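For reference, the structure is listed below as structure tokens.
Numbers here simply count residues along the sequence, with the first being 1. Please read all numbers here as calculations on a predicted model, not as lab measurements.
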Amino acid sequence: MKAIGFCSLIISFLICLFGCGNKDNSIALKPNSVFQYSTLSALLEGVYDGELTVGELKKHGNYGIGTFNALDGEMVLCKGECYKVTSDSKVIKAGDSEKTPFAAVCNFVPDTIIKIGRPLSLKEIKHYIDSVMPSGNLLYAYKISGSFDSIVIRSVPKQQKPYVRLIEAYKAQGIYTFAHLDGILFGYKFPHYLKDVNMDDYHLHFLTTDKSKGGHLLNCRILNGQVAVASIRNFQLQLPDNNYFNATKFLNSKSELLKIEGENN
């Protein structure tokens with residue numbers, strides 16, 4: 001790995017991963033800001049309805065992930081277009097009038113580009129990115145693009161009221177394994193001190209390049225590609241305005257979250 005150099009207020013990264021050919025994979029650091037609606041703790045407890053529309057969400061960023069009211073699909077916001085991944089892994093465009101109970105968006109401006117030059121498991125990808133990032137105390141947005149040897153994704157079916165907690169809802173999820181796909185992983189990693197707000201681990205959603213398949217990432221093996229990273233120092237949180245959110249007790253059980261996300265990933 002090349003050394004990370006600091007010059008005045010500009011941070012540039014010269015990264016060479018596993019023998020890749022690029023000598024300078026750096027991009028000048030630029031500011032990013034994340035807007036989030038609701039919290040992970042609320043979602044875990046079954047707060048699946050919100051008032052924020054997709055159209056309003058787009059005003060806060062052109063990139064992000066989340067879900068839709070009643071957990072009706074996985075959300076990916078890409079270049080200002082909002083996509084819904086249904087429980088059978090199909091991808092459709094979401095209308096501006098649809099609403100979300102949980103989403104995080106930003107105007108994505110990467111400050112670090114990491115080239116991937118050989119096959120890596122999801123664990124290996126996470127380990128390498130963590131070793132390169134300058135601090136574990138920042139929020140990071142990621143865009144991981146490339147050719148995938150295999151990918152395991154899921155999407156939870158639309159829920160019916162009265163809503164059950166997420167640990168119960170996820171048991172009905174559709175899980176799909178695909179081979180030899182080109183696509184992009186979109187998502188974030190929040191610092192540990194914000195673990196009740198969002199995941200203090202990698203939270204990634206997948207879309208194929210042709211936007212025909214997608215879902216919430218459970219596991220993958222990438223053959224080659226790159227990781228674009230945006231370091232986030234500005235964060236805005238908007239809370240839902242409904243009685244269910246106001247009355248719910250939030251626990252954010254780490255053991256439940258590990259089961260939902262897949263403990264071995």
Side-chain angles (χ1 to χ4, degrees), residues 30-110 139-143 153 155-161 163 166 169 183-188 190 194 197-199 203-217 228 230 232 234-246 248:
K30 296 181 180 179
N32 288 273
S33 180
V34 166
F35 168 86
Q36 181 169 306
Y37 181 74
S38 195
T39 68
L40 175 63
S41 293
L43 200 70
L44 286 170
E45 296 304 322
V47 182
Y48 301 152
D49 287 338
E51 298 78 37
L52 191 73
T53 66
V54 166
E56 292 168 332
L57 185 67
K58 287 179 179 179
K59 296 176 182 178
H60 295 278
N62 58 14
Y63 170 97
I65 60 175
T67 186
F68 298 90
N69 275 10
L71 293 188
D72 187 19
E74 304 286 341
M75 177 192 293
V76 175
L77 188 62
C78 174
K79 296 181 179 179
E81 291 286 351
C82 188
Y83 299 94
K84 175 191 287 190
V85 182
T86 61
S87 58
D88 58 358
S89 83
K90 300 297 190 299
V91 180
I92 59 176
K93 280 191 178 182
D96 283 352
S97 63
E98 293 201 52
K99 295 181 179 181
T100 177
F102 180 73
V105 300
C106 68
N107 287 312
F108 186 78
V109 181
L139 192 169
Y140 295 103
Y142 299 102
K143 184 184 290 186
I153 51 180
S155 186
V156 177
K158 183 178 181 179
Q159 300 297 294
Q160 304 296 324
K161 293 180 178 179
Y163 295 141
L166 192 60
I184 302 175
L185 292 168
F186 303 81
Y188 299 94
F190 277 61
L194 291 177
V197 175
N198 207 316
M199 285 180 58
H203 181 185
L204 301 168
H205 290 184
F206 178 74
L207 280 184
T208 55
T209 301
D210 63 5
K211 298 180 177 63
S212 64
K213 300 180 181 67
H216 177 106
L217 181 72
I232 310 295
N234 300 296
F235 176 65
Q236 178 185 353
L237 177 64
Q238 179 176 324
L239 300 179
D241 183 15
N242 60 60
N243 291 334
Y244 193 27
F245 179 88
N246 293 341
T248 299

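- Shown here are the side chain to side chain donor-acceptor pair (under 3.5 Å) partners of Thr86, two or more places apart in sequence or in another chain: Asp88.
- Within the structure, the salt bridge (charged side-chain N to carboxylate O under 4.0 Å, His left out) test picks out the following pairs touching residues 54-66 (sequence neighbours left out): Lys58-Asp96.
- Residues satisfying the side chain to side chain contact (heavy atoms under 4.5 Å, CB included) test with Glu51, not counting sequence neighbours, are Tyr37, Pro240, Asp241, Asn242.
- Applying the side chain to side chain contact (heavy atoms under 4.5 Å, CB included) criterion to Ser87, with sequence neighbours excluded, gives Pro157.
- Note: His216 and His203 have tilted aromatic rings, judged against thresholds of 30 and 60 degrees for the angle between ring planes.
- Pro101 and Asp49 get closest at one heavy-atom pair: CB-N, 3.7 Å.
- In this structure, the ring pair (Phe, Tyr, Trp, His ring centres under 6.0 Å) partners of Tyr48, at least two apart in sequence or on a different chain, are Tyr163.
- At distances below 3.5 Å, not a single donor-acceptor pair connects side-chain atoms of Ser38 with backbone N or O atoms of Leu239.
- Among residues two or more places apart in sequence or in another chain, the side chain to side chain donor-acceptor pair (under 3.5 Å) test is passed with Asn243 by none.
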Expected list for residues 70-82: side-chain donor-acceptor pairs under 3.5 angstrom, two or more places apart:
| unit_1 | atom_1 | unit_2 | atom_2 | d |
| --- | --- | --- | --- | --- |
| Asp72 | OD2 | Lys84 | NZ | 3.2 |
| Glu74 | OE1 | His205 | NE2 | 3.1 |

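- Remark: the backbone N or O of Asn62 is paired with a side-chain donor or acceptor of Asn107 at under 3.5 angstrom.
- Under the rule for a side chain to side chain donor-acceptor pair (under 3.5 Å), Tyr140 has no partner lying at least two apart in sequence or in another chain.
- Inter-residue side-chain proximity for Leu204 and Ile65 is flagged as unmet; no heavy-atom pair is nearer than 4.5 Å.
- When atom types are taken as modelled, the side chain of Gln36 and the backbone of Val197 share a donor-acceptor pair closer than 3.5 angstrom.
- Within the structure, ring pair (Phe, Tyr, Trp, His ring centres under 6.0 Å) pairs that include any residue of residues 74-109 comprise Tyr63-Phe108 (at least two apart or interchain).
- Looking at Gln159, its side chain never comes within 3.5 Å of a backbone N or O of Lys161 through a donor-acceptor pair.
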